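For reference, the structure discussed in these notes is given below.
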Amino acid sequence: MNQDYIQPDNWSILEEGFDAERVKSSESLFSIGNGAMGQRANFEEHYSGETFQGSYIAGIYYPDKTKVGWWKNGYPEYFAKVLNAPNWIGIDIEINGENLDLAKCKTVSNFKRELNMKEGLYRRSFNAVLQNGTEVAINVLRFLSLDQDELGVIHFEITPLNSDAKINYKPYLDAGVQNEDANWEEKFWEPLNVQHSSNNAFVTARTFKTHFTVTTYMHNSILLNETVLDATPMNVEKNSDKIQFTYEVNVPKGQTSSIQKFGGYTVSLNHDDTQKAAENSIAKAASTGYDQLLENQKLAWSKIWEMSDITIDGDVKAQQGIRFNIFQLNQTYLGKDSRLNIGPKGFTGEKYGGSTYWDTEAYCIPFYMATKDQQVARNLLTYRYNQLGKAIENAEKNLGFKNGAALFPMVTMNGEECHNEWEITHEEIHRNGAIAFAIFNYYRYTGDYSYIPEKGLEVLIGIARFWHQRASYSTQKNQYVILGVTGPNEYENNVNNNFYTNYIAKWCIDYAIEQINRVEKEYNTDYVRVMNKVGLSNAEILHWKAVAENMYFPYSEEHDVYLQQDGFLDKDLVKVSDLDKSQRPINQKWSWDRVLRSPYIKQADTLQGFYFFEDHFTKEQLEKHFDFYEPFTVHESSLSPCVHSIQASVLGRMEQAYTFYLRTSRLDLDDYNKEVEEGLHITSMAGTWMSIVEGFGGMRVKNDHLHFEPKIPAQWQGYSFKINFRNQILKVSVHQNETNFSLEGDKEITVFVNGKEVLVEPNSLVTV
């Protein structure tokens, strides 16, 4: 833990007291989004202190030319940057001739922020004494509408406390923004048009290279004591990429003035005429009105929470943590658009770029399958299917593979690889396996097999072809090996025979063959269509089988464990517990060379295989591998604590499981990795949900039935969650001495609890 200023609360993220050192961290933690757009919690008014200004639009990106010290063949030509979008939230404030700026006020008191997760609202309030002596009370509310997802709303309220005040509100739109992480310090936006009429303004800009057109818009209303004034701008300033209005209001001491600002983005992904769409958005918002928009927001979030909430009794910090994770996941992706995916930072920062990593398939799909309609998860699978052609092109262009072998990208926006670290781009190939596993996992959970003959089989064939060509035959070992890879543990690069990679490669081939045979028997029309399309022969399948059946897995007889890779035991095996704390985190304290030579593991690697393929191994094998590898694991990946929490739960080590749970659920709130100011770890947040549902709840799907092995941390009195399993809503409530099940639906369901069959009927409570 590296920070502890967020106040514990069941439903809100709370900060009290203004501290300039915390501003950038809080900008991340209090971020808001609605699936279509999002923004960091930057101040609306001007702030001259350290800040990371960031607003983002789903699906809008820029191909920033790769910048490396030494170019290698096969490097991606660009790194896809999540674009810092034009700023619509800005409202400069002038009070009695002085700009409101928290970095320059005489005093700032009663400063509070609240991210109300229950209602999807961000609030900020404070008292300030300006250099001119004027004292004011400020209250700000902001939200991004779920109902009208191109719309954001700001209500900025000022009350002069010690004198009358002449207040100038100066709302603006600004397309002259740049990314914090631009490789070449280029501008990504080309301004096209700036227009205004009455209280409305529009700035239309286009991205260079990708040519996305975006109209950023605003509509302003001025109020005095909650009465809307007949106000129009007294002044309009504009240039090629910015427009700013000025409204002047004389406010008596003790009375309250406010500005309501509607703003947002309309994009060419969805509209032919983005300015006309912006005008329509303003008209719709104005006709709905501020009060109703606020009520609609609360109602929309209540519907989300009705299905996705997890309750925890007796542990406020744990409760706050899981709700924060669930809230941010829903702010980032709601499953409405199969063109979109879940970026690792969501709408909270720019680091990592891209919108899609293997995190989606490995961690996020289980959350969305269980808390939403199965179509949401199917959309995420369709996203990959739609990019299969690019994956085949990637394998051919960058690796010289042929015959339809597919390597899905490590990072992508449109299917092209855009990760510019060679040892990740070309070596962290296990991501192919996660995509195949997600297809398996989707069918296992939903029972919807139709995806495989319609789309999934082509993906599985492309992936199997990749593994067949990527493996090579070792005459020394008389087995197939996979050389020069990076496993999930990115603290080892260019190693041979990473166990997890080899194991999932074998599984992918076996699973693809199994599905080919099933589709041939049960969906022959689709089988003929797919075989004609991909040109697969029985002879080729026999070659696949030879690789899968004779795959090499490094193993230590001495330790009786599979080795993470061939050379793992050659390292100086000093456990993390014996590492000086001053050396942590090693990725910030050590040279990369030293990290690579160390035994330290960034996240579950061999244990990732034990997580995915739990039923392939005994509990005794899991325990032996957990005890061997976890002591070398530094958990410096956000994806690490959740897998270890789940496996500690399986082993009945509840104190350890609870510790890992707190770390994954409060990773950002407590800034474990000293980097929260760069943005939140969105995709790993799904792992927090998994830690409870799959870890403590022990939920698994076996033979078309839900199985549970409920456990509960000693620190909790109880917890509950809901699961949408095959269109039936099952609520599970776990307490220290019993587990309750209830069912929303019209037909009974059979579940297994600790191996015992339990019948749950609709609208009845079953206690085990």
Side-chain angles (χ1 to χ4, degrees), residues 1-2 421-424 426-430 474 476-477 479 481-504 552-611 617 620-645 647-648 651 653 656 659-660 663-664 667 672-675:
M1 181 189 300
N2 293 300
E421 293 179 50
W422 179 84
E423 65 275 13
I424 304 300
H426 297 309
E427 295 194 338
E428 199 165 337
I429 53 178
H430 65 81
S474 166
Q476 185 181 38
K477 291 182 171 62
Q479 288 181 287
V481 296
I482 302 180
L483 309 177
V485 300
T486 299
N489 172 31
E490 293 171 338
Y491 290 176
E492 288 185 324
N493 296 157
N494 200 33
V495 299
N496 295 333
N497 296 308
N498 170 259
F499 167 78
Y500 172 71
T501 302
N502 287 23
Y503 198 89
I504 206 164
Y552 167 72
F553 304 113
Y555 189 80
S556 167
E557 296 288 349
E558 176 188 356
H559 298 283
D560 194 20
V561 295
Y562 290 107
L563 292 178
Q564 189 165 277
Q565 46 91 5
D566 276 346
F568 189 80
L569 292 181
D570 294 331
K571 300 190 175 196
D572 185 10
L573 298 177
V574 177
K575 294 180 179 180
V576 175
S577 59
D578 296 324
L579 183 64
D580 193 303
K581 289 182 179 179
S582 67
Q583 301 299 300
R584 303 283 307 279
I586 63 171
N587 62 10
Q588 296 176 23
K589 299 296 181 70
W590 288 6
S591 70
W592 194 239
D593 172 75
R594 186 179 179 187
V595 169
L596 294 178
R597 288 185 286 106
S598 80
Y600 301 122
I601 302 169
K602 184 180 180 185
Q603 67 190 76
D605 193 305
T606 302
L607 292 177
Q608 183 73 33
F610 276 73
Y611 166 67
F617 305 99
E620 289 72 24
Q621 285 177 300
L622 170 62
E623 184 171 37
K624 189 162 288 188
H625 284 78
F626 189 91
D627 288 343
F628 183 78
Y629 285 109
E630 196 285 323
F632 298 113
T633 305
V634 289
H635 303 290
E636 289 174 10
S637 163
S638 63
L639 299 172
S640 188
C642 62
V643 172
H644 289 84
S645 179
Q647 293 176 332
L651 297 173
R653 302 176 182 181
Q656 193 174 22
T659 299
F660 281 130
R663 178 159 183 163
T664 185
L667 179 77
Y672 275 93
N673 289 347
K674 298 184 180 181
E675 58 184 10

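In this text, all values refer to a predicted model and were calculated from it rather than measured experimentally. Side chains included, hydrogens not; waters and symmetry mates left out as well; all remaining heavy atoms used.
- Residues Phe553 and Gln479 have side chains not in contact (no heavy-atom distance under 4.5 Å, counting atoms from C-beta outward).
- With sequence neighbours left out, the ring-ring contact (aromatic ring centres under 6.0 Å, His included) criterion links Phe568 to Tyr629.
- Applying the side chain to side chain donor-acceptor pair (under 3.5 Å) rule to Thr501 yields the partners Asn498; only residues at least two apart in sequence or on another chain are considered.
- Asn502 places a side-chain N or O within donor-acceptor distance of the main-chain N or O of Tyr552, the cut-off being under 3.5 Å.
- Asp627 meets the salt bridge (charged side-chain N to carboxylate O under 4.0 Å, His left out) test with Arg653; sequence neighbours excluded.
- When atom types are taken as modelled, the side chain of Ser645 and the backbone of Cys642 share no donor-acceptor pair closer than 3.5 angstrom.
- The ring-ring contact (aromatic ring centres under 6.0 Å, His included) check on Phe617 picks up Tyr503, Phe610, with sequence neighbours excluded.
- Under a 3.5 Å cut-off, the side chain of Lys624 and the backbone N or O of Val561 do not form any donor-acceptor pair.
- Scanning for salt bridge (charged side-chain N to carboxylate O under 4.0 Å, His left out) contacts around Asp580 gives an empty result, with sequence neighbours left out.
- By the side-chain contact (heavy atoms from CB on, under 4.5 Å) test, Ser591 pairs with Asp593, Arg594, sequence neighbours left out.
- In this structure Tyr491 satisfies the side chain to side chain donor-acceptor pair (under 3.5 Å) test together with Asn587, Glu636, sequence neighbours excluded.
- Contact between Asn496 and Gly484 at its shortest, heavy atoms only, is OD1-N, 3.0 Å.
- Between atom CD1 of residue Ile424 and atom CG of residue Asn493 there is a gap of 5.5 Å, rounded to the nearest 0.5 Å.
- In plain terms, the two heavy atoms of Ser640 and Ala604 that are nearest each other are OG-N, 3.9 Å.
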task = Evaluate the criterion side-chain contact (heavy atoms from CB on, under 4.5 Å) for residue pair Val485 and Val495; output intermediate values, then yes/no.
result = CA-CA 5 Å; Val485 300; Val495 299; 4.2 Å; yes
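- Between atom CD of residue Glu630 and atom CD of residue Gln656 there is a gap of 5.5 Å, rounded to the nearest 0.5 Å.
- Residues satisfying the side chain to side chain donor-acceptor pair (under 3.5 Å) test with Gln565, not counting sequence neighbours, are Glu492.
- Remark: Lys477 NZ is packed, more than 12 non-hydrogen atoms of other residues, nucleotides or ligands lying under 6.0 Å away.
- Thr659 OG1 to His635 NE2: the interatomic distance, rounded to the nearest 0.5 Å, is 10.5 Å.
- Here the side chains of Gln603 and Val643 are not in contact, with every heavy-atom distance at 4.5 Å or above.
- Under the side chain to side chain donor-acceptor pair (under 3.5 Å) criterion, His426 pairs with no residue at all, not counting sequence neighbours.
- Legend: residues meeting salt bridge (charged side-chain N to carboxylate O under 4.0 Å, His left out) with Glu490, ordered by chain and number and at least two apart, are Lys602.
- Here the CD1-CG distance, from Ile601 to Asn489, works out to 6.0 Å after rounding to the nearest 0.5 Å.
- Scanning for side-chain contact (heavy atoms from CB on, under 4.5 Å) contacts around Ser638 gives Leu667, His681, Ser684, with sequence neighbours left out.
- Gln588 and Asn673 get closest at one heavy-atom pair: NE2-O, 3.1 Å.
- Separating the CD atom in Glu428 from the OG1 atom in Thr486 is a distance of 6.0 Å, to the nearest 0.5 Å.
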Give the C-alpha distance, both sets of side-chain angles, the deciding distance and a yes or no for side-chain contact (heavy atoms from CB on, under 4.5 Å) between Ser598 and Trp590.
CA-CA 10 Å; Ser598 80; Trp590 288 6; 3.8 Å; yes
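- Remark: the backbone N or O of Tyr562 is paired with a side-chain donor or acceptor of His625 at under 3.5 angstrom.
- No donor-acceptor pair under 3.5 Å is formed between the side chain of Gln608 and the backbone N or O of Tyr500.
- Considering only residues two or more places apart in sequence or on other chains, Val576 meets the side-chain contact (heavy atoms from CB on, under 4.5 Å) condition with Arg584, Tyr600, Val634.
- Atom NE2 of His644 sits about 5.5 Å away from atom CZ of Phe660, to the nearest 0.5 Å.
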| Evaluation steps, side-chain contact (heavy atoms from CB on, under 4.5 Å), between Leu622 and Leu651 | CA-CA 8 Å; Leu622 170 62; Leu651 297 173; 4.0 Å; yes
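- Considering only heavy atoms from C-beta on, Thr633 stays 4.5 Å or farther from Leu607 through its side chain.
- Side-chain contact of Asn497 with Asp566: a donor-acceptor pair under 3.5 Å is present, judged by distance alone.
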